[in-house]
Amino acid sequence: MASNSFQPIQGMSDIAPPDVYIWQMLEARAREVFARYRFEEVRTPVLEKTSLFTHSLGDTTDVVTKEMYRLQDRGGRDLSLRPEGTAGSVRYIASGGEETANARIYYIGPMFRCERPQAGRKRQFHQIGLEAAGAPNPLADAEVIALQINLLSAWGLEGAKIRLNTIGLPEEREAVLEGLREAIRPRLAELPEDAQQRFETNVLRLLDSKDPAVQAVIADAPSVTELLSAESRAYLDTVVETLRGLEIDVEIDTSLVRGLDYYVHTVWEVVHGGLGAQNALSGGGRYRIQIDNKTIDGVGFAMGVERMIAALEASGVTADQFPPKPAVFIASLGEAALKENLLLMQTLRQRGVACEMELTNRKIKAQMKRANKIGAATVIIRGDSELENGTFVVKNMGEGTQQELELPELMDLMGKGGG
RNA sequence: GUGGGUAUAGCUCAGUUGGUUAGAGCGCCAGAUUGUGAUUCUGGAUGUCGCGGGUUCGAAUCCCGUUACUCACCCCA
């Protein structure tokens, strides 16, 4: 029943069984893939100084200006729940000097943005992300993209597409923006009002507008790539060639832009058809972030876990395909057996067998029913007569067969994986 | 921040033009001769009809507010 007092706050949810199994699968396989590519986990705090985000993401971006959970602590410090993972990772990288200058790290955890929830968008959402610090190098960008593709296939996702583009260097940004404005200005009147505003505040955003009127004007404007320097174009070309050399085929999408200020050179997105309006599973790119007098270069991506799960479900991969290991169930008959079975359960658990038992004197029928429900592969039945004989009835639930064993035989069987 | 849809049992949902004790399926509990599950049969329990107010002789049903869910815009993972 939907009672307000039992519900999490807006845009946040409990992740419980059976849903949690697919989360565990995703995280476990991600850790395997990251380890293979030699990345290590770093767990940064969820709460950071607000200034970290305003400086690295850009103090006029929507994420910073209207989507952060921002608060003051008791000492009056201005803090924010992290809206993304790169800023904190980069702070960590910057904190380590030479030790972390070329860090290869990953993170798994919750992010927070106070927006209106919709399909694929929660206020507390989760990302699995990765950062490879180091000076710009197209080979590094290609390696990270290759890793990401490997990750998607480890998760069993089909039908995802990578859109790749470049946005060049900060020093040429102004020239790009001016070039775009010049091309659009003569037809400014054709644009709807909100687009005209974006013309002033964020021309790049017009490129990926969904509005047909905007698209018509953009179609005739030069692409970002055309406005960039030869060096920046060459950088992108090398990324693409390197990927082709790794037998990874990517397509360049010149309408792709990013909403955060820190990006330079390569940017990309993984999109999937089964998701509704928020169709990006992942955003990635190369960045350059200043913290105090330090500049951190790196390349990375973040995958939205909720969106990833939605995409997997759209392609037939669901949580109930990853249930926990089937358990052994112990059924008791009578007070004396119940007590003895507690000790048996303790012993089995200490030997690594996942097991469960009924702690009341319920009828055996009800106990068998429960064992069946939790998916126990084996039920050990012990009542008064077994107690007298020193034996255990062991039932194989899959086949419906059962045998009566003595303790050494039982332990032997359990040692082989719980029956 | 703006706009649309929704809210009835643990779950999925039905509920006629406002009318008497609000229903179904699944699940749960119990029974179908001895201490054995998943099938079958029989019986049983469970609802502040999201919450608050209003209209009415009478509201799950109409109106207003509110909270949450959901979808889209904006933006983003």
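Residue numbers begin at 1 in each chain, while the letters A, B, ... track the order of the sequences.
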Please evaluate residues A/Lys49 and A/Asp78 with respect to the criterion salt bridge (Lys or Arg N to Asp or Glu O under 4.0 Å), reporting the C-alpha separation (whole Å), side-chain torsions for both, the decisive distance (0.1 Å), and the verdict.
CA-CA 6 Å; A/Lys49 286 180 198 156; A/Asp78 184 3; over 6 Å; no
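Within the structure, side chain to side chain donor-acceptor pair (under 3.5 Å) contacts touching residues 305-316 of chain A (residues at least two apart or in different chains) are A/His126-A/Glu306. Annotation: salt bridge (charged side-chain N to carboxylate O under 4.0 Å, His left out) contacts involving residues 127-140 of chain A, sequence neighbours excluded, are absent.
Looking at A/Thr166, its side chain does come within 3.5 Å of a backbone N or O of A/His265 through a donor-acceptor pair. A donor-acceptor pair under 3.5 Å is absent between the side-chain atoms of A/Asn341 and the main chain of A/Leu344, judged by distance alone.
When distances are taken from the side chain of A/Lys210 to each of B/G35, B/C75, B/A77, the shortest belongs to B/C75. Of the candidate nucleotides B/G35, B/G31, B/U36, B/U36 has the atom nearest to the side chain of A/Met368. Among the nucleotides B/C29, B/A77, B/C28, the one closest to the side chain of A/Lys373 is B/C28.
In this structure, CD of A/Glu269 is placed 12 Å from C1' of B/C75, rounded to the nearest angstrom. Straight-line distance from the CE atom of A/Met68 to the P atom of B/G1: 17 Å, rounded to whole Å. Per the geometry, CD belonging to A/Gln367 stands 15 Å off C1' belonging to B/C29, to the nearest Å. Distance, A/Asn389 CG to B/G35 C1': 14 Å, rounded to whole Å. Straight-line distance from the CG atom of A/Asp19 to the P atom of B/C11: 14 Å, rounded to whole Å. The nearest whole Å value for the distance from the CG atom in A/Leu152 to the C1' atom in B/A77 is 13 Å. A/Asn396 places its CG atom 16 Å from the P atom of B/A38, with the value rounded to the nearest Å. As a whole-Å value, the separation of A/Asp62 CG from B/C73 P is 15 Å.
B/U17 sits 37 Å from B/C28 when the P atoms are compared, rounded to a whole Å. Comparing B/C69 with B/U42, their P atoms sit 42 Å apart, to the nearest whole Å. Between the P atoms of B/G43 and B/C49, the separation comes to 29 Å (whole Å). For the P atoms, the distance linking B/G1 with B/A45 amounts to 47 Å, nearest Å. B/U56 and B/C51 are spaced 23 Å apart, taking the P atom of each and rounding to whole Å. Taking atom C1' on both nucleotides, B/A9 is separated from B/C26 by 12 Å, rounded to a whole Å. One C1' atom belongs to B/U67, the other to B/C29, and the distance between them is 34 Å to the nearest Å. Comparing B/G44 with B/G4, their P atoms sit 47 Å apart, to the nearest whole Å.
The base of B/A77 sits with one of its N or O atoms less than 3.5 Å from a complementary donor or acceptor on the side chain of A/Arg113. Checked by distance alone, A/Glu386 brings a side-chain donor or acceptor within 3.5 Å of a matching partner on the base of B/G35. For B/U36, the base has a donor-acceptor partner in the side chain of A/Gln402 [N/O atoms by modelled type, under 3.5 angstrom]. Side-chain N/O atoms of A/Lys395 and base N/O atoms of B/U36 include a donor-acceptor pair closer than 3.5 Å.
The side chain to side chain donor-acceptor pair (under 3.5 Å) search around A/Thr65 returns none, not counting sequence neighbours. Checked against side chain to side chain donor-acceptor pair (under 3.5 Å), A/Glu386 has no partners two or more places apart in sequence or in another chain. With sequence neighbours left out, A/Thr242 forms a side chain to side chain contact (heavy atoms under 4.5 Å, CB included) with A/Leu139, A/Ala142, A/Thr238. A/Arg362 is linked by a side chain to side chain contact (heavy atoms under 4.5 Å, CB included) to A/Glu358, A/Thr360, A/Ala366, A/Gln367, counting only residues two or more places apart in sequence or in another chain. Applying the ring-ring contact (aromatic ring centres under 6.0 Å, His included) criterion to A/Phe34, with sequence neighbours excluded, gives A/Tyr106.
In the displayed structure, A/Glu251 atom CD is contacted under 6.0 Å by at most 12 heavy atoms of other residues, nucleotides or ligands.
We find that A/Arg113 and A/Glu84 are not joined by a salt bridge, their nearest charged nitrogen and carboxylate oxygen being 4.0 Å or further apart. Salt bridge absent: A/Arg123 and A/Glu115 never bring a charged side-chain N and a carboxylate O closer than 4.0 Å. Under 4.0 Å is where a charged nitrogen must lie from a carboxylate oxygen, and between A/Glu143 and A/Arg104 at least one such pair does. Between A/Glu41 and A/Arg43 there is a salt bridge, with a side-chain nitrogen of the basic residue lying less than 4.0 Å from a carboxylate oxygen of the acidic one.
Note on A/Glu115: a base of the nucleic acid sits closer than 4.0 angstrom, heavy atoms only. Base contact: A/Met397 has a heavy atom under 4.0 Å from a base atom. Contacts of A/Ile381 with the nucleic acid, taken as non-hydrogen atoms under 4.0 Å apart, include base atoms. Counting any heavy atom pair closer than 4.0 Å across all strands shown, A/Arg198 reaches sugar-phosphate atoms only and no base atom.
Within the structure, a side-chain polar atom (N or O) of A/Lys365 is placed less than 4.0 Å from OP1 or OP2 of B/G37. Using a 4.0 Å cut-off, no side-chain N or O of A/Arg382 falls inside it from OP1 or OP2 of B/G35.
Listed by residue number, the members of residues 333-349 of chain A with any heavy atom below 4.0 angstrom from RNA chain B are A/Leu333. Listed by residue number, A/Gln278, A/Ala280, A/Leu281, A/Ser282, A/Gly283 are the residues of residues 278-291 of chain A with a heavy-atom contact under 4.0 Å to RNA chain B.
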Return the polar atom pairs (N/O with N/O) between nucleotides 69-71 of chain B and the protein under 3.5 Å, or none.
from	atom 1	to	atom 2	distance (Å)
B/C69	OP1	A/Gly11	N	3.0
B/C71	OP2	A/Ala119	N	2.9

5'-to-3' dot-bracket of RNA chain B (Watson-Crick, G-U; under 3.5 angstrom; crossing pairs as [ ]; | other strand):
(((((((..((((.....[...)))).(((((.......))))).....(((((..]....))))))))))))....
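When the nearest nucleotides of RNA chain B are assigned to A/Glu399 and A/Arg362 by heavy-atom distance, the more 5′-ward of the two goes with A/Arg362. Position along RNA chain B of the nearest nucleotide to A/His126 versus A/Lys369 favours A/Lys369 as the more 5'-ward residue.
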Under 3.5 Å, which donor-acceptor pairs do the side chains of residues 178-185 of chain A form with other protein atoms, sequence neighbours left out?
from	atom 1	to	atom 2	distance (Å)
A/Glu178	OE1	A/Arg181	NH1	3.4
A/Arg181	NE	A/Phe199	O	3.4

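Across A/Gln127, A/Glu269, A/Gln148, a single residue satisfies side chain to side chain donor-acceptor pair (under 3.5 Å) together with A/Ser282, and that is A/Gln148.
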